[in-house]
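Beneath this line is the structure, given in structure tokens, with notes to follow.
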Amino acid sequence: MEPMDIVGKSKEDASLPKATMTKIIKEMLPPDVRVARDAQDLLIECCVEFINLVSSESNEVCSKEDRRTIAPEHVLKALEVLGFGEYIEEVYAAYEQHKLETMDSLKSGKWSNGAEMTEEEAVVEQQRMFAEARARMNGGTTAPPKQPDLNPSLES
């Protein structure tokens with residue numbers, strides 16, 4: 001019988017992007033070191049197994065607290081329980097850095113103009129994007145429809 005993971009798929013179904021993992025492996029080693037393809041595959045499988053182990057233990061910690069959503073604290077506790085306590089500080093620092101980067105990218109992303117869109121503005125933007133997509137799909141490059149002035153109080 002094949003081992004099953006939490007969602008009912010076999011462990012062979014779980015994977016990580018090979019190109020990304022290969023890049024990470026190469027970045028961690030000196031430039032003059034080469035890694036055989038079999039060794040890369042083995043490292044990737046070890047990473048998948050580690051993620052499964054931490055995920056499973058995080059789920060156990062979460063369940064013991066009668067929670068339904070695994071939180072970062074559950075992952076940190078799982079690392080401690082599994083004997084990876086020496087990594088907790090570094091993992092937490094990486095998590096904090098990720099939060100900062102995520103917030104920065106959301107604030108400075110192309111969807112942000114310093115303030116949230118109103119529902120009206122979002123609908124207009126959605127219609128404009130639909131029109132552009134239709135034009136691309138039909139092979140034409142028609143100009144997007146003129147956007148109505150949503151803030152008449154700014155008229156001069």
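For the numbers below, each heavy atom of this structure counts, side chains included, while hydrogens, waters and symmetry mates do not. Counting begins at 1 with the first residue of the sequence.
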*Stepwise, does the side chain to side chain contact (heavy atoms under 4.5 Å, CB included) test hold for Met21 with Leu43?*
CA-CA 9 Å; Met21 294 303 297; Leu43 282 168; over 6 Å; no
*Using a cut-off of 6.0 Å, state whether more than 12 heavy atoms not belonging to Glu27 lie near its atom CD.*
yes
*Measuring from Leu82:CG to Glu80:CD, what's the distance to the nearest 0.5 Å?*
10.0 Å
*asked:* Using 0.5 Å steps for rounding, measure from the CD atom of Glu49 to the CD1 atom of Ile51.
replied: 10.5 Å
*Side-chain donor/acceptor of Ser56 to backbone N/O of Asn52, under 3.5 Å*: no
*I would like to know whether Glu132 and Arg128 meet salt bridge (charged side-chain N to carboxylate O under 4.0 Å, His left out); could you show each step before the answer?*
CA-CA 6 Å; Glu132 286 178 1; Arg128 184 191 64 75; 2.3 Å; yes
*Phe130, Val123: one ILVMFWY side-chain cluster at the under-4.5 Å cut-off?*
no
*Is there a side-chain contact between Lys18 and Ile44 (heavy atoms, below 4.5 Å)?*
yes
*Looking at the rings of Tyr87 and Tyr92, which for Trp means the six-membered one, are their centres under 6.0 Å apart?*
no
*Does a donor on one side chain and an acceptor on the other come within less than 3.5 Å for Glu65 and His74?*
yes
*asked:* Between Lys26 and Thr22, is there a side-chain heavy-atom distance shorter than 4.5 Å?
replied: yes
*So if you build clusters from Ile, Leu, Val, Met, Phe, Trp, Tyr with side-chain heavy-atom gaps below 4.5 Å, do Val91 and Phe84 land together?*
yes
_If you compare all heavy atoms of Leu16 against all heavy atoms of Cys47, which two are closest, and at what distance to 0.1 Å?_
CD1-CB, 3.7 Å
*Identified side chain to side chain contact (heavy atoms under 4.5 Å, CB included) counterpart of Val54 within the set Val81, Asn59, Leu79*: Leu79
*Linking I/L/V/M/F/W/Y whenever their side-chain heavy atoms sit closer than 4.5 Å, directly or via other members, would Leu42 and Leu53 fall into one cluster?*
no
_Where Ile70 and Ser58 come nearest, the two heavy atoms and their spacing_ = CG2-CB, 3.8 Å
*Does CD belonging to Glu86 count more than 12 external heavy atoms closer than 6.0 Å?*
yes
*Provide the closest heavy-atom pair for Val33 versus Leu29 in the form atom of the first, atom of the second, distance.*
CG1-CD1, 4.2 Å
*Any Glu121 side-chain heavy atom under 4.5 Å of Glu125 side chain*: no
*Answer yes when Glu73 and Lys77 have at least one side-chain N-carboxylate O distance shorter than 4.0 Å, and no when they do not.*
no
